[in-house]
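All remarks here apply to the structure that follows.
We name chains A, B, ... by the order of the sequence lines, and we start the count at 1 in each one.
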Protein chains: 2
Amino acid sequence: MSITIEECAQTVLTTIPSLMQAIRAEMRQGRMASLTVPQFRTLVLAEGAPGPSMSRVAEHVGLTLPSATALVDGLVERGLVVRQPHPSDRRCVQLALTEAGRREVREARQHTLAMLTERLAGLDEAERAGVVRALTVLRLALQTQEAVR
Amino acid sequence: MSITIEECAQTVLTTIPSLMQAIRAEMRQGRMASLTVPQFRTLVLAEGAPGPSMSRVAEHVGLTLPSATALVDGLVERGLVVRQPHPSDRRCVQLALTEAGRREVREARQHTLAMLTERLAGLDEAERAGVVRALTVLRLALQTQEAVR
DNA sequence: TATTGTTATACTCTATAACTATA
DNA sequence: TATAGTTATAGAGTATAACAATA
């Protein structure tokens, strides 16, 4: 029973939004985790990379620059990040997590991962490997083109 | 190289939002396809099931009832669906596609699938099968719980 | 002149709380 | 009293267009 590209595309189109819904619901449900998915992703970026620029944020989260500005504004207002001047290029901004931001992202991740882990507990070894492999394949296939755009 | 549940959860948490972004971008890019993902999913539901209620829409798209109301309001304003009275239970609504709605959903799907198909063209048979299998596994794992909630 | 970022503006998404109408 | 749906209200996500500051 061979699966055509069209069938595969169809599955992707119908399933990914559902999965996204589920993840969003998880995150919203966490009592203390008052972060939306894009906010969370921005904090994760700032946690890993040192002082990302606004452009970097926009690219990472998949937004336009103005959208990233609005997103970061919200995080700044809530005291989770600060905008720091870039030392050598004064047009650029370097985003930095505050202590509160560091705590928030840690808690949100812990919480969300715990919930996800619970739901994925039923998967066997082969299924887990399959999931990781398939998602990696999809990421490469769908993101490659974005760079081209 | 065995993959733990935590690693699997981690991959899901970081990858699914990216994939969703990519799909959203695809749909937005379509010249004539001016539908958002939730709007599209609502039209697809109405296309398949006959006269879904508002509750059915909310459940399918993963929204609260008020959110579904707002979503459908937009579609009604644009002439893509109509709210019809349920014959026996006057509290209920039955959603029906208009001709324009039927055309719109057809075009949007065609367009989006074409783009996705293009991007997935590089996958071999085993990868396609793996993707479908993995997404199905994830859907079952993540959605089961939603019903419980 | 090109690049980085922000402001202005306008939709849509999404939720909670309060309400109406029907069962 | 319980259920289906809407209205009211509010905040976040998201885009395009126009602008400011710096390189």
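- With hydrogens and angles disregarded, a donor-acceptor distance shorter than 3.5 Å links the side chain of Gln21(B) to the backbone of Gly62(A).
- Thr64(A) pairs by the side chain to side chain donor-acceptor pair (under 3.5 Å) definition with Ser67(A), not counting sequence neighbours.
- Residues passing the salt bridge (charged side-chain N to carboxylate O under 4.0 Å, His left out) test with Glu6(A): none are found, sequence neighbours excluded.
- Residue Thr69(A) has a polar side-chain atom (N or O) positioned under 4.0 Å from OP1 or OP2 of dT6(C).
- Between the C1' atom of dT12(C) and the CZ atom of Arg41(B) lies a distance of 16 Å, rounded to the nearest Å.
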Atom pairs under 3.5 Å, N or O on each side, protein against nucleotides 13-15 of chain C: can you list them with distances?
{"unit_1": "dC13(C)", "atom_1": "OP1", "unit_2": "Thr36(B)", "atom_2": "OG1", "d": "2.2"}
{"unit_1": "dT14(C)", "atom_1": "OP1", "unit_2": "Arg24(A)", "atom_2": "NH1", "d": "2.6"}
{"unit_1": "dA15(C)", "atom_1": "OP1", "unit_2": "Arg28(A)", "atom_2": "NH2", "d": "3.3"}
{"unit_1": "dA15(C)", "atom_1": "OP2", "unit_2": "Thr64(B)", "atom_2": "N", "d": "2.9"}
{"unit_1": "dA15(C)", "atom_1": "OP2", "unit_2": "Thr64(B)", "atom_2": "OG1", "d": "3.1"}
{"unit_1": "dA15(C)", "atom_1": "OP2", "unit_2": "Ser67(B)", "atom_2": "OG", "d": "3.0"}
{"unit_1": "dA15(C)", "atom_1": "N7", "unit_2": "Ser67(B)", "atom_2": "OG", "d": "3.3"}

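- Atom CG in Leu95(A) sits roughly 10 Å away from atom P in dG5(C) (whole-Å rounding).
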Check: residues 95-103 of chain A side-chain donor-acceptor pairs under 3.5 Å, at least two apart:
{"unit_1": "Thr98(A)", "atom_1": "OG1", "unit_2": "Gly79(A)", "atom_2": "O", "d": "2.7"}
{"unit_1": "Thr98(A)", "atom_1": "OG1", "unit_2": "Leu80(A)", "atom_2": "O", "d": "3.1"}
{"unit_1": "Thr98(A)", "atom_1": "OG1", "unit_2": "Ala100(A)", "atom_2": "N", "d": "3.4"}
{"unit_1": "Thr98(A)", "atom_1": "OG1", "unit_2": "Gly101(A)", "atom_2": "N", "d": "3.0"}

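- Residue-level contact check: Ser55(A) touches the backbone only, with heavy atoms under 4.0 Å from sugar-phosphate atoms and none from bases.
- Of the residues in residues 73-84 of chain B, not one places a heavy atom less than 4.0 Å from an atom of DNA chain C.
- Side chain of Glu77(A) to backbone of Gly74(A): no donor-acceptor contact under 3.5 angstrom is found.
- Partners of Arg106(B) according to the salt bridge (charged side-chain N to carboxylate O under 4.0 Å, His left out) rule, which considers only residues two or more places apart in sequence or in another chain, do not exist here.
- Between Arg119(B) and Glu26(B) there is a salt bridge, since a side-chain N of the basic residue sits under 4.0 Å from a carboxylate O of the acidic one.
- The 12-atom threshold is not exceeded at CD of Gln110(B), counting heavy atoms of other residues, nucleotides or ligands nearer than 6.0 Å.
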Can Asp73(B) and Arg83(B) be said to form a salt bridge (Lys or Arg N to Asp or Glu O under 4.0 Å), step by step? CA-CA 9 Å; Asp73(B) 282 350; Arg83(B) 283 183 172 98; 2.9 Å; yes
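- Thr36(A) pairs by the side chain to side chain donor-acceptor pair (under 3.5 Å) definition with Gln39(A), not counting sequence neighbours.
- Rounded to an integer number of Å, the gap from Met54(B) CE to dT7(D) P is 10 Å.
- Contact check of residues 43-50 of chain A against DNA chain D (heavy atom, cut-off under 4.0 Å) returns no residues at all.
- Every residue was checked against the side chain to side chain donor-acceptor pair (under 3.5 Å) condition with Arg56(B), not counting sequence neighbours, and none meets it.
- Whole-Å rounding puts the His86(B) NE2 to dA23(C) P distance at 11 Å.
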Look for any protein N or O under 3.5 Å of an N or O in nucleotides 19-23 of chain D and output each such pair with its distance, or none.
{"unit_1": "dA23(D)", "atom_1": "OP1", "unit_2": "Arg90(A)", "atom_2": "N", "d": "2.8"}

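- By the salt bridge (charged side-chain N to carboxylate O under 4.0 Å, His left out) test, Arg133(A) is found to be paired with no residue, residues two or more places apart in sequence or in another chain being considered.
- Qualifying side-chain contact (heavy atoms from CB on, under 4.5 Å) partners for Met20(A), counting only residues two or more places apart in sequence or in other chains: Arg24(A), Val37(A), Ile16(B), Pro17(B), Met20(B).
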